[in-house]
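Note sheet for the following structure.
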Amino acid sequence: MCKESIKFKMFLVRSGLLALCLVVAARAAAVSDYETAKAELEEYIRNKRKDIDPRFRPLYHVAPPVGWMNDPNGFSYHKGEFHLFYQFYPYDSVWGPMHWGHVTSRDLVNWEQRPTALLPEREQCFSGGAITQGDQLVLMYTAHAGSDVEPFFNETQYLAFSDDAMNFHKYEGNPVIARAPNGSPDFRDPKVWKHGDDYYSAIGSKTWNDRGLVLLYKSKDLKDWEFLSVIAESNGEEGYMWECPDFFELDGKFVLLISPQGMEEQGDRYKNTNQNGYIIGSFSYDTNQFVPEVGFQEIDFGHDFYAAQTVEANGKRYISAWFNMWGVPHHEAVDGWAGMLTIPRELRLVNNRVTMNPVEELVSLRDGVVVDGDVRPDAVLEFGKAVELIIESDLNQKVDIMLDGREGGNSAWLRWDPEVRKVVVDRGSGDVRQVEWAPVGSKTWRVFLDASSVELFCGDGEVVLSSRVHPLGGWRLTNQSPQTIQLKAYNLRRSVPE
Ligand code: FRU
């Protein structure tokens with residue numbers, strides 16, 4: 001070989017090596033920038049926490065340490081621990097560039113705050129799921145990026161990996177799914193699960209004529225995804241976009257859980273800005289076809305319940321939801337934080353309906369019985385900020401229980417009218433949610449009150465209403481019913497960070 005050509009080859013090798021070094025160095029710089037940003041964020045959160053007004057802060061519901069929270073994300077059970085992430089904007093108590101906050105728990109009751117799991121870079125980290133792969137916990141989420149051309153945003157699916165379920169590294173091969181089959185820019189909120197040896201993902205999207213739908217994908221390794229089928233599509237009256245899908249087997253049927261945007265109000269139904277509900281049907285992993293059997297039903301009938309996500313662990317299916325709603329005032333925002341998650345509930349399928357009951361472990365919050373006995377008409381009782389009420393009443397007569405603050409603030413009424421057989425949560429000034437209730441067994445009401453929330457579970461969980469209410473100075477209960485009710489009330493202890 002001539003000298004010149006050897007020289008040329010050496011030049012090529014050298015410049016190749018140089019290019020490689022530059023790429024590695026750039027990547028290392030980007031990684032260390034990201035790590036620095038993470039460390040600075042934790043420092044910011046630590047300092048900012050001191051400025052928060054605690055008056056409405058929950059004692060046993062997950063809430064952001066500071067700033068804004070929306071959807072629960074990545075609800076998963078990994079190495080004996082529950083992981084719950086959430087849409088998080090630390091720098092203000094309004095929605096902003098999305099991060100993933102992170103809490104963990106061994107029992108779904110006692111929660112520990114973990115470092116922020118994902119920070120936005122060029123992309124915002126929108127909702128998604130999490131799954132164990134080997135020793136790792138893997139997050140699958142939507143990268144939402146703005147664009148200069150119409151439709152001015154773009155949504156693709158990303159992965160992030162963690163060896164310790166605490167520090168997450170975005171995958172270098174992102175995106176793992178670059179576009180929806182029909183090219184719709186609305187393509188988000190991947191739920192991920194494993195069946196047999198394969199991973200599956202359900203992703204929310206829409207048709208070009210504005211019908212919400214859910215897409216099903218399959219992968220051997222979480223990186224290469226194959227589009228399988230449309231699990232279901234709106235019939236034209238079920239919203240223009242389906243967000244935050246979940247898809248799972250429950251008591252022998254399949255449940256498609258969705259958060260539709262844009263459903264029209266119909267009487268008592270669909271009164272919230274967006275809905276959260278489910279379709280029951282049959283599904284086969286051989287054909288990938290879902291056959292709906294029972295049409296869309298709301299899962300919770302209160303004012304504030306959205307973007308719910310489930311996890312299966314120890315043979316049970318648990319759910320958690322954003323305990324707020326889009327497009328309504330978030331009263332605690334003036335205090336430096338906004339949003340929380342509902343108490344985790346266990347799901348069952350009973351008479352073509354998904355029932356929700358507080359997870360059993362929540363009884364461990366009970367910290368002494370404060371009332372046990374008759375409460376006569378017009379009787380007034382006072383409690384702390386966190387209370388569980390067990391209420392027995394005669395459902396042939398009216399029930400009317402006023403809950404307000406010992407020092408003012410907002411109030412709510414829990415009502416039952418035997419004429420129309422409806423359970424009502426009324427926040428005053430016509431801000432009412434109500435639903436028919438035909439008890440399948442128990443006629444008891446179980447009510448969870450926290451510093452700024454009411455969760456009413458009727459009977460065996462066939463009707464549940466979750467609403468944010470902001471009383472001041474602890475709760476006060478007035479029995480405005482024409483009947484004496486039986487009440488057992490427990491004080492509840494703190495189980496989340498302040
Ligand atoms: C639902 C939702 C998701 C999206 C996220 C953004 O509340 O709109 O579809 O991923 O919130 O924060």
Side-chain angles (χ1 to χ4, degrees), residues 62 64 67-75 84-102 116-121 123-130 139-146 151-160 175 177 180 184-192 201-206 210 212-215 234 238-247 256-263 272-277 298-300 303-310 319-328 330 333 338-342 466 468:
V62 171
W68 166 273
M69 153 192 285
N70 55 288
D71 316 355
N73 292 157
F75 198 7
L84 194 44
F85 303 83
Y86 50 86
Q87 291 283 281
F88 180 37
Y89 182 58
Y91 301 109
D92 201 348
S93 32
V94 294
W95 190 86
M98 283 288 106
H99 301 53
W100 274 35
H102 186 195
T116 306
L118 294 175
L119 276 68
E121 292 176 282
E123 90 293 4
Q124 290 196 48
C125 307
F126 271 23
S127 288
L139 311 182
M140 183 169 178
Y141 65 99
T142 296
H144 176 99
F152 304 116
F153 68 95
N154 175 39
E155 295 183 331
T156 60
Q157 315 315 320
Y158 272 31
L159 298 179
I177 310 179
S184 169
D186 287 277
F187 178 47
R188 60 181 173 269
D189 311 335
K191 165 78 187 194
V192 59
S201 182
I203 305 181
S205 191
K206 68 202 284 191
D210 283 341
L213 55 79
V214 178
L215 304 159
S234 163
E238 294 161 333
Y240 59 79
M241 167 67 197
W242 287 0
E243 299 187 307
C244 302
D246 198 341
F247 190 54
L256 177 65
L257 181 65
I258 47 176
S259 292
Q261 293 179 301
M263 285 183 78
N272 294 336
T273 310
N274 295 347
Q275 316 312 321
N276 201 175
E298 283 169 285
I299 189 159
D300 186 290
H303 295 78
D304 297 283
F305 190 97
Y306 194 62
Q309 218 185 59
T310 75
I319 191 167
S320 171
W322 182 35
F323 201 168
N324 279 98
M325 186 48 62
W326 292 112
V328 297
H330 297 116
M340 58 193 222
L341 303 180
T342 63
S466 306
R468 297 294 307 279

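All values below come from the heavy atoms of this structure, side chains included, with hydrogens, waters and symmetry mates left out. In each ligand, atom 1 is the first atom listed, and ligand 1 is the first ligand listed.
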Q.
Return the closest protein heavy atom for atom 8 (O) of ligand 1 as residue, atom name and distance.
A. E243 OE2, 2.8 Å
Q: Give the minimum heavy-atom separation between K206 and S184, together with the two atoms involved.
A: CG-OG, 3.6 Å
Q | Short side-chain to backbone donor-acceptor contact, D246 and T310, under 3.5 Å | A | yes
**Q.** Where ligand 1 meets D189 - atom numbers and elements under 4.0 angstrom, heavy-atom basis
**A.** 3 (C), 4 (C), 9 (O), 10 (O)
Q. Which ligand 1 atoms are under 4.0 Å away from a heavy-atom of Y306?
A. 1 (C), 7 (O)
Q.
With a 3.5 Å distance limit and no angle check, can you tell me whether S259 reaches the backbone of Y306 through a side-chain donor-acceptor pair?
A. no
Q: Tell me which part of N274 gets within contact of ligand 1: side chain, backbone, both or neither, using heavy atoms under 4.0 Å.
A: neither
Q: Number the atoms of ligand 1 from 1 as they appear, then name those within less than 4.0 Å of a heavy atom of Q87, with their elements.
A: 5 (C), 6 (C), 12 (O)
Q. Does ligand 1 have any atom that is closer than 4.0 Å to a heavy atom of W326?
A. yes
Q | Closest contact, heavy atoms only, Y141 versus A160 | A | CE2-CB, 4.2 Å
Q) Out of L159, L118, N73, which residue meets the side-chain contact (heavy atoms from CB on, under 4.5 Å) rule with L139? A) L118
Q. Counting distance only, does the side-chain N/O of D300 pair as donor-acceptor with the main-chain N or O of F305 below 3.5 Å?
A. no
Q) Looking at D186 and R188, does any basic side-chain N land under 4.0 Å from a carboxylate oxygen? A) yes
Q.
Using a 4.0 Å cut-off to any heavy atom of D71, which atoms of ligand 1 qualify?
A. 1 (C), 2 (C), 3 (C), 5 (C), 7 (O), 11 (O)
Q) For ligand 1, which atoms, with element, lie under 4.0 Å from some heavy atom of S127? A) 5 (C), 10 (O)
**Q.** Numbered atoms and elements of ligand 1 in range of M98, under 4.0 angstrom, heavy atoms
**A.** 12 (O)
